[in-house]
**Q** 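To start, I am sharing the structure in question, which I have written as structure tokens.
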There are 4 protein chains.
Amino acid sequence: MKALVYDGPGQRAWREVPKPTLLEPTDAIVRVDAVTICGTDLHILKGDVPTVAPGRVLGHEAVGTIQEVGSAVGTVKPGDRVLVSCISACGRCRYCRVAAYGQCLGGGGWILGHLVDGTQAEYVRVPFADTSTYVLPDGIPDEAALMLADILPTSYEVGVRNGRVEPGDTVVVVGAGPIGLAAITTSQLYSPSHIVAIDLAQSRLDAAKQFGADVTISADQDAVEAVHDLTGGLGADVVIEAVGVPDTFELCTRLVRPGGHVANVGVHGKPATLHLEDLWIRNVTITTGLVDTYSTPTLLRMLAAGRLDTTRFITHRFTLDEMTEAYDVFADPQHTGALKVALTRP
Amino acid sequence: MKALVYDGPGQRAWREVPKPTLLEPTDAIVRVDAVTICGTDLHILKGDVPTVAPGRVLGHEAVGTIQEVGSAVGTVKPGDRVLVSCISACGRCRYCRVAAYGQCLGGGGWILGHLVDGTQAEYVRVPFADTSTYVLPDGIPDEAALMLADILPTSYEVGVRNGRVEPGDTVVVVGAGPIGLAAITTSQLYSPSHIVAIDLAQSRLDAAKQFGADVTISADQDAVEAVHDLTGGLGADVVIEAVGVPDTFELCTRLVRPGGHVANVGVHGKPATLHLEDLWIRNVTITTGLVDTYSTPTLLRMLAAGRLDTTRFITHRFTLDEMTEAYDVFADPQHTGALKVALTRP
Amino acid sequence: MKALVYDGPGQRAWREVPKPTLLEPTDAIVRVDAVTICGTDLHILKGDVPTVAPGRVLGHEAVGTIQEVGSAVGTVKPGDRVLVSCISACGRCRYCRVAAYGQCLGGGGWILGHLVDGTQAEYVRVPFADTSTYVLPDGIPDEAALMLADILPTSYEVGVRNGRVEPGDTVVVVGAGPIGLAAITTSQLYSPSHIVAIDLAQSRLDAAKQFGADVTISADQDAVEAVHDLTGGLGADVVIEAVGVPDTFELCTRLVRPGGHVANVGVHGKPATLHLEDLWIRNVTITTGLVDTYSTPTLLRMLAAGRLDTTRFITHRFTLDEMTEAYDVFADPQHTGALKVALTRP
Amino acid sequence: MKALVYDGPGQRAWREVPKPTLLEPTDAIVRVDAVTICGTDLHILKGDVPTVAPGRVLGHEAVGTIQEVGSAVGTVKPGDRVLVSCISACGRCRYCRVAAYGQCLGGGGWILGHLVDGTQAEYVRVPFADTSTYVLPDGIPDEAALMLADILPTSYEVGVRNGRVEPGDTVVVVGAGPIGLAAITTSQLYSPSHIVAIDLAQSRLDAAKQFGADVTISADQDAVEAVHDLTGGLGADVVIEAVGVPDTFELCTRLVRPGGHVANVGVHGKPATLHLEDLWIRNVTITTGLVDTYSTPTLLRMLAAGRLDTTRFITHRFTLDEMTEAYDVFADPQHTGALKVALTRP
């Protein structure tokens, strides 16, 4: 079969590899019907994630059809349409028992396209299939479900729910790229009074408006002043960091009101400064986290009920064998305007 | 001044009474600019609430303008437009300290139009003005704010929040009168997948649809079967009782899924049967409660931000001196179609 | 091997049955090293639980040693000392994913000694071994761990945690049998100010004092008055029902303060009356539930750290082949003073 | 009367000042029966808190007797023995309404001995007396109650409750000075499995053992390794920072397990480094906060019930007019071994 293989920093190829087979009684083999590309995949290609070995098939998000299951798999069977989640869960360890699957100690967590071969392929072996795939209700298109493999649960769990967004809140989202737009989308599930988007690029602020932000703050504005003006001088109830650099994190801690929450979603490569000399007295809560995907069944129910619009994230569509072109488009959003791409089986 | 006076069971009159004066340093005198009538007022008139003495001015919901404040009042001043809440709070007792104002032990709770003269008058004395009135942001019409005096916080706190509605839930509201419709409205703040309304009257089910229910169940249907069909046989995540009779309460306990919540909002005059022989094993949570109005500031923020439409509850409008006619209309919803009435200062 | 077999109402025998074998890849065969008897077993013997078929080996609590595991079992291996929990968990269904194992939809829940053969035997087949057994830390005696198979997590989860006991609370436990004493024990993990025990038998109230109650109320006292005196007229913060009859449940709802919790632990055979005409206005929360055993790992950690004394529940000790005598003693606590019995492999 | 006056950096005197009088209808005048000194007072004396003006009477913790109350005070009266809390609460503002009194926007918060004259005096004016004093139950000695004015609620709210200590947890307290020892004391209200104390001074670690720590880690040990050994390699469930310097804060973030909590209690004067490059993926929650004293009534109930031993914190006792000597002893704990001092009316 064909797959997108990481051949070392800067090297990728859509090329022939052996088709996966069942290795454990808890495995499933899934035919990939739709797949997408994540910002993390670009980081891997730059060589930023040394735990990914050359030769690895990338990708941790897919919608597909079960082909074969191991002897211990009980909840999915060949022919089932399933969502393949970015997080695999052993279902047995201390963390899985409290639905913190992202921290799985039993061989799960983020493994697909990282420690085992991933989903940017014609077929993928999915470990712990019972607790790592989700049968799709009828009537949900592949593309719509695909956005639930990573970006939607990540923004919802790590941003909105860790940040404890409540009805009537003022929510600030710092960074209006795909994950920030997903945070704007999922914040609305809790009916905040205001959603404020902050970004350097006007095109992203325009997108933020379309996705539901009612206030936008651009690079030439004083964000702290603008948020204080909006909130009677207090600051925001919830601030979601969706960039991943020290400056934006530190901005978040200046935007939050006493008693408020800063929820970090961004992937950071460097330490930030925490101004405890100001913050120690302000009753602030700061959270970090990898997605656990505990919310995936809930988001699927909302999708099935028509309460969630996820296809708006997909700006470009390809067939699987256009993988290389899809990567080129996704890697250059400034020129292509790409948010998320979808590749489907021809 | 004129006021609506309860003169004993079945006796009410819009008649001259003395204008109220400050009695305590924490009091305010408020000119009533808009007022409404509650189902509870009808109960009082029937003689069902013996703690209301003849001669009492009724009414516990108003929007008005501060005329005068006692020496200890610090947060409102003459000229301020305020919401007068159905619940007064001493602000000092054990319950007020945890925002359970409805259970106030220091002289507050539901007192207006009950233990002291109320709001269906040209002027009202409001005890504990600092903690029992809410200054209105500019731009909120009197009528829109008026619905936040009782019906909206009651449905939100006692129904939606006690019931712990979460995104993706299936919520069933039993009873689609004004309070049930308010529960349908405020449930949507948490983005459930489905809102199911159950009522005997088709006109109420039609209203439920307009207010946001996506499924309605009428008297000639088997409600348990219908809810089980909708939920894969499990039952609803949250069931809100908004009628107040034993049968509807017992229905609620049959509609809820294992692990779900039954939130009672209805005012009950008789005991119900609790089928513990079925329920003991089902992880069910049942809550009751009088509104505390802790959510009033939040709801006001949402109203100011345009995130809440409350004027749709008002079906009939009068001037204050048409109080008698307004009572007649409100007391006969089958013929008048009344949900809530609003009376304003001419 | 020998096992305690239910041969229809009133009929039990410690007799030869076939030794269990692996049926599913997720099974384990466990040699029973210590086992106990539950009040539920007595109910089954009376014929009160028609879902138990004649021929069934009873028992749902044990400590044992893994003999053999199926091909998909990954966390326990032959030779491991394990706790066999009263609740089995498929680990994959909607309820297991939120740690509500007692409501498992995938073939688990309370099945041992109920729908499949149980632990009152020399060997037992344990389905879903990965998620239904718990490896014992070194140094925990079999007997001490045995109490964590049912009675401790039941009282802790369904009583103490559902009741939301907090430091400083007044907790009332109605019924001072084994489960009530367990609730008294586990309430202390949250440092209430007062633990009040109510029972008809003075011997049980004496036991309650020894287990940590600081106030006891006997049959000839007015419980409502006594609790109100203790709490400044308010009522208790948390009331735990540990009997299972309508009268005691209704008493609980009269003992709880506005804003408090009634946690039902008792197994009920009849409906109770819920006095909604009083309760609707009192902000009361009532919970029911079967144990989920989500707390078992926590309780094991506390046992290993020496923070929990569980052997005090064991009043009588037997060898496995004294099963019949053990049943006789356990079934007649009025004369034998039995709380829990322990039977161990000779 | 006599009072301890701050006369500018490094200058303090126990000297004659005018006796306070009622200024607002919500004030009370309290005769000081017992008072203590806080580390914050030492910071003020060094000139570290520029908001304190020369001439200010210091002190924010006392037990006393009400002498006189303003016209709007309703819950305390002359002759009442009361606890004067470090936090005053207007009782009306947005923060007071959610019991976040430390963030009071209406003139309260930490004002005593800071923005208005404090308690290290023979008499003190207490603003907002209804919501800022607590009537003492009979039988609680002044000294025992005195520890509830600041140190106990601070450690409990900002450390234990913000850190969400649960039964069975491993709790690490970094810094075993008075506030750290208070965190060790109040952690035990939630029955953790292990309490680990870390400090540089052996004398403090000895004190930590006496106060309830079961593991101590000294300067010459590798704290991260020691905590990982104790927790199976995971890290602690809760880490409480009770020092207030960058190094100890950063240590806390290395000691916490994925999914755990770091609760900062220390008062910081400099920023710390937050290693987001490690933490972003670890589901960590970090909290800061000034005490709100919402827990004071609860702690008083526990004290009255004999469930809390607070007098052990008091190592040195003086009369009020020995204020200067008391400051000398408290300011030099290395030599005096002082934890907390108590000064009482002769």
Side-chain angles (χ1 to χ4, degrees), chain A residues 40 48 93-95 98-105 109-110 157-158 162-164 231-234 241 244-246 248-250 252-253 256-292, chain D residues 40 48 93-95 98-105 109-110 157-158 162-164 231-234 241 244-246 248-250 252-253 256-292:
Chain A
T40 308
D48 289 351
C93 72
R94 172 174 175 165
Y95 283 98
V98 294
Y101 310 120
Q103 306 293 333
C104 176
L105 300 172
W110 173 40
E157 297 178 9
V158 186
N162 278 2
R164 300 192 179 276
T231 55
L234 277 183
E241 207 281 351
V245 302
T248 49
F249 179 81
E250 291 162 39
C252 291
T253 64
V256 70
R257 72 165 172 85
H261 292 77
V262 173
N264 184 77
V265 188
V267 175
H268 290 261
K270 294 186 212 159
T273 301
L274 188 66
H275 288 284
L276 282 175
E277 75 280 17
D278 296 326
L279 293 170
W280 76 267
I281 202 170
R282 284 168 62 82
N283 295 23
V284 168
T285 300
I286 298 169
T287 53
T288 69
L290 180 68
V291 66
D292 289 317
Chain D
T40 309
D48 290 352
C93 72
R94 172 173 176 168
Y95 283 99
V98 293
Y101 309 121
Q103 307 292 333
C104 175
L105 300 171
W110 172 41
E157 296 177 10
V158 186
N162 277 4
R164 300 193 179 274
T231 56
L234 277 183
E241 208 281 352
V245 301
T248 49
F249 179 81
E250 290 162 38
C252 291
T253 64
V256 71
R257 70 166 173 84
H261 292 77
V262 173
N264 184 77
V265 188
V267 176
H268 290 260
K270 295 185 211 159
T273 302
L274 189 66
H275 287 283
L276 282 174
E277 75 281 17
D278 297 326
L279 293 170
W280 77 267
I281 202 171
R282 283 168 62 82
N283 294 23
V284 168
T285 301
I286 297 169
T287 53
T288 70
L290 179 67
V291 65
D292 289 318

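Here is the naming used below: chain letters follow the sequence lines, and residue numbers restart at 1 for every chain. Treat the numbers as computed from the prediction; the structure is a model and nothing was measured.
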**Q** Using a cut-off of 6.0 Å, state whether more than 12 heavy atoms not belonging to A/R94 lie near its atom CZ.
**A** yes
**Q** Only pairs of heavy atoms separated by less than 4.5 Å count here; which of D/G259, D/P258, D/A100 has the most with chain A?
**A** D/P258
**Q** With respect to D/T287, which candidate in A/I286, A/T287, A/V284, A/T285 satisfies the side-chain contact (heavy atoms from CB on, under 4.5 Å) definition?
**A** A/T285
**Q** Short question: side chain of D/Q103, backbone of A/I281 - any donor-acceptor pair under 3.5 Å?
**A** yes
**Q** Might you work through the side-chain contact (heavy atoms from CB on, under 4.5 Å) test for D/N283 and A/D292, ending with a clear yes or no?
**A** CA-CA 10 Å; D/N283 294 23; A/D292 289 317; 3.3 Å; yes
**Q** Among D/V262, D/L274, D/V265, which has the most heavy-atom pairs under 4.5 Å with chain A?
**A** D/L274
**Q** Would you indicate whether the side-chain heavy atoms of A/N264 and D/L279 approach each other to under 4.5 Å?
**A** no
**Q** Is there a side-chain contact between A/Y95 and D/R257 in this structure, where contact means two heavy atoms from C-beta onward sitting under 4.5 Å apart?
**A** yes
**Q** Roughly how far, to the nearest 0.5 Å, is the OG1 atom of D/T288 from the NE2 atom of A/H275?
**A** 14.0 Å
